[in-house]
Each structure stands twice: as structure tokens, then as C-alpha cells.
Protein chains: 2
Amino acid sequence: MNAKNMAGHVIRQLHQMSTQVYASHMQAAGFDLTPVQFAAMDALSAQPGLDQATIAASIACDRATTGGVIDRLEQKGLVARVVNEKDRRARVVTLTDQGRDLFQQALPIVAGLQVDILQALSPDERSDFLRLAKKAVQGAQDGDALRT
Amino acid sequence: MNAKNMAGHVIRQLHQMSTQVYASHMQAAGFDLTPVQFAAMDALSAQPGLDQATIAASIACDRATTGGVIDRLEQKGLVARVVNEKDRRARVVTLTDQGRDLFQQALPIVAGLQVDILQALSPDERSDFLRLAKKAVQGAQDGDALRT
DNA sequence: GCATTTTAGTATCTATACTTACCAATTTTG
DNA sequence: CAAAATTGGTAAGTATAGATACTAAAATGC
């Protein structure tokens with residue numbers, strides 16, 4: 001059994017390829033937004049005022065990583081962070097006007113590049129792959145692989 | 001179209017899950033070896049004396065990343081690095097005796113945990129998933145997604 | 001055979017991503 | 001209600017992962 005054929009190795013390469021496609025498309029479209037930064041903005045667009053821990057759960061990162069992501073979004077002026085008066089440990093995060101605008105512009109680009117990530121697969125294969133991938137992720141969260 | 005259903009996001013989660021499963025199994029078995037470090041050792045086990053650029057191509061990392069990986073393996077005493085006298089730019093990397101031993105011990109653990117990464121899928125689904133994933137990676141390398 | 005280009009490796013910078021440890025605030029418990 | 005446990009966020013440390021820029025060495029072109 002060669003390491004190159006192991007599931008973990010193939011998944012890692014898939015991930016690298018995916019971020020490459022994302023980066024090249026987004027750079028070509030003039031956006032300075034990483035995949036995780038976009039995911040955080042997507043979560044905030046759907047539910048404004050989430051705290052960082054809830055964002056972390058939504059984008060599947062831990063609290064420390066999410067803190068850094070929000071830091072960078074705040075530095076770019078795309079989100080605002082305010083201490084929650086009801087629970088002074090938590091910070092309420094919202095998109096700024098600029099953040100909302102940028103997200104709306106980026107959304108069609110990000111949605112459009114998804115097909116290019118799996119460009120080598122036919123439409124049928126793509127939907128098969130996505131179904132299996134989602135099932136694998138879902139099953140792991142229900143099971144014991146991702147214990148937070 | 002929710003970001004959570006996009007291919008890129010699902011693939012990122014797959015990757016996180018995969019590294020989690022790897023880390024927990026390897027830690028339980030008493031190994032201090034990351035997935036990429038293992039992949040590098042696998043490449044060196046199959047072809048001793050590779051230079052770093054060839055290792056980089058083999059494990060699908062760039063030269064800078066691979067340099068760091070080899071640094072850490074060298075610090076642990078698992079690989080040795082010598083300047084190639086034929087081409088003084090290149091460094092010939094080989095597994096040490098200790099590295100070879102450790103790799104042989106780790107190999108069955110790493111091979112065994114691959115099934116747990118896709119634990120939510122049936123055997124048929126697993127092989128379908130791996131076939132599609134490999135095709136997607138392969139197609140991207142032939143195409144224009146991963147241009148080195 | 002010398003200039004140009006390419007290649008191998010390193011260094012630096014940024015961005016996930018996780019761990020552990022810590023502080024502060026809130027909840028739970030006895 | 002006070003002690004204990006939990007939770008939200010940050011900080012420090014380590015490991016990919018890539019971009020860019022740099023040095024040194026080798027290959028190529030003319």
C-alpha cells in the first residue's frame with residue numbers, strides 16, 4: 001500500500017487543488033479574501049450578530065483560528081466586533097456596509113468557481129462525489145472523529 | 001447557494017477530519033509524525049537519496065514547505081541531509097536507521113487508519129469516493145489548476 | 001567561453017489550523 | 001449564596017501551505 005493512494009493523501013491534494021482554484025479565480029476577479037474569510041462572511045451574512053464561538057462552529061474551525069480570521073476581516077474593515085452586554089465574554093460580530101457590499105460581489109464568483117474545482121469530473125460524477133463527501137463529513141461529526 | 005454546500009467548503013472539512021483521525025490514531029499509537037512528514041518518509045523509503053525538490057513533487061508540496069518538513073525530520077534524527085557532490089545545489093536526503101525503523105512501525109498504523117477517515121461510508125462508497133477523488137486530483141494536475 | 005536562464009534551497013511573510021494554557025465572565029452545584 | 005465547572009476569547013507555540021525574493025550552482029544559448 002503506497003502512501004500516495006491512501007485516503008488522507010488524496011484528500012490533502014484535493015484540498016490544495018481546491019484552494020488553488022479558489023485563489024486564482026478570486027485574484028483574477030480582484031478579491032483579497034481567503035476561503036475561510038469568505039465562509040465567515042457567509043455565516044455573518046445569513047445570521048448577523050453571531051459571536052465568535054458560534055462562527056467557529058459554523059465554519060468548522062476552532063475558537064483560536066476563528067479569532068484570527070475575524071481579526072483580519074476587522075483590519076480590512078469588513079466586519080465590526082462589539083462586546084455583548086448580555087454576556088460580556090462574547091463579542092457580537094456583524095458585517096460592515098463595506099463587508100456586505102464585498103460579500104454580495106464575491107458570492108457569484110465563489111459560487112461559479114465550485115465547478116472548476118471538480119473540473120475533471122462529469123456533472124454526474126460531481127454530484128456523486130459531493131454526496132459521498134458530505135456523507136463522510138456528516139458521519140464523522142456524528143461519530144467520534146471530530147470531538148470538540 | 002449556501003457556502004456550506006459548496007465543494008470547496010466540504011473538501012476543507014474532509015481535510016480537517018482526515019488530519020484529526022490521523023492525529024488521534026497516531027498519538028494513541030505513540031507516534032509523533034504529521035501526515036506530510038509520513039508522506040516524505042514514504043517517498044524516501046521507496047527511493048532513498050531523493051533531493052528535496054523531487055520529494056516536494058512526490059508529496060505535492062512546494063520547495064519551501066518541503067524544506068521545513070525535512071528540517072523537522074532531521075531534528076528528530078529520522079533523516080540525514082548531505083550536499084550532492086554531483087550537483088552542489090541539491091541535498092541528498094536519506095532515512096536514518098532510526099527513521100527506517102520508525103517508518104516500518106508507523107506504516108501499518110497509517111494504512112489501518114485510512115478506513116476510519118471514511119468510516120461513514122460503506123466499502124463500495126469508499127472505493128467510489130476514492131476513485132472520483134483521485135480522478136479530480138489527476139485531472140487538475142493535467143489541466144491548469146496546479147501549475148508549478 | 002561567457003552571458004542568460006533555469007534550478008535547488010533558504011528566508012521571510014501571511015494565512016489557516018490545532019494544542020495548551022490562561023483570564024474573565026457566566027452557569028451549575030452543593 | 002459560595003465553590004466548582006463551563007464557556008468565550010486571547011496568547012504562545014508548532015506545522016502545513018503558498019508567494020516572493022534571494023543566493024548559489026548548473027545548464028543553455030549564442
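Here is how names work: the chains are called A, B, and so on, in the same order as the sequence lines, proteins then strands, and each is numbered from 1. On a predicted model such as this, the values are computed, not experimentally measured, just so you know.
The residue among A:Gly68 and B:Lys76 whose nearest nucleotide of DNA chain D lies closer to the 5′ end is A:Gly68. Comparing A:Asp87 and B:Ala64, the nucleotide of DNA chain D nearest to each residue sits closer to the 5' end for A:Asp87.
Between B:Gln52 and C:dT10 there is a side-chain polar atom (N or O) within less than 4.0 angstrom of OP1 or OP2. Within the structure, a side-chain polar atom (N or O) of A:Arg12 is placed less than 4.0 Å from OP1 or OP2 of D:dA17. Side-chain nitrogen and oxygen atoms of B:Gln20 include none within less than 4.0 Å of the OP1 or OP2 phosphate oxygen of C:dA17. Contact between the side-chain N/O atoms of B:Gln37 and the OP1/OP2 oxygens of D:dT16 is found at a separation under 4.0 Å. Phosphate contact (OP1/OP2 of C:dC22, side-chain N/O of A:Arg89, threshold under 4.0 Å): absent.
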Chi angles and distances behind the side-chain hydrogen bond (donor to acceptor under 3.5 Å, both in side chains) call for A:Thr54, A:Asp51
CA-CA 5 Å; A:Thr54 312; A:Asp51 63 15; 2.5 Å; yes
I would like to know whether B:Asp32 and B:Gln37 meet side chain to side chain contact (heavy atoms under 4.5 Å, CB included); could you show each step before the answer?
CA-CA 10 Å; B:Asp32 173 28; B:Gln37 287 169 13; 5.6 Å; no
Using the side-chain hydrogen bond (donor to acceptor under 3.5 Å, both in side chains) rule, take A:Gln16 and A:Arg12 through it: C-alpha gap first, then chi angles, then the decisive distance, then the call.
CA-CA 6 Å; A:Gln16 285 171 222; A:Arg12 185 169 62 84; 2.9 Å; yes
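The side chain of A:Arg88 approaches C:dT26 more closely than any other nucleotide in the set C:dT19, D:dG9, C:dT26. With D:dA17, C:dC18, C:dG9 as the choices, the nucleotide that has an atom nearest any side-chain atom of B:Ala90 turns out to be C:dG9.
Below the 3.5 angstrom threshold, one finds a donor paired with an acceptor across the side chain of B:Arg63 and the base of C:dG9.
Separating the CG atom of A:Asp62 from the P atom of D:dG8 is a distance of 13 Å, rounded to the nearest angstrom. Look at CD1 on B:Ile70: it is 14 Å from P on D:dA15, rounded to the nearest Å.
Distance alone, capped at 3.5 Å, places no donor-acceptor pair between the B:Gln52 side chain and the B:Ala90 backbone.
Looking at heavy-atom distances under 4.0 Å, B:Arg72 makes contact with a base. At the heavy-atom level, A:Asn84 lies nowhere under 4.0 Å from the strands shown. Across all strands shown, A:Thr34 has heavy atoms under 4.0 Å from sugar-phosphate atoms exclusively, and none from any base.
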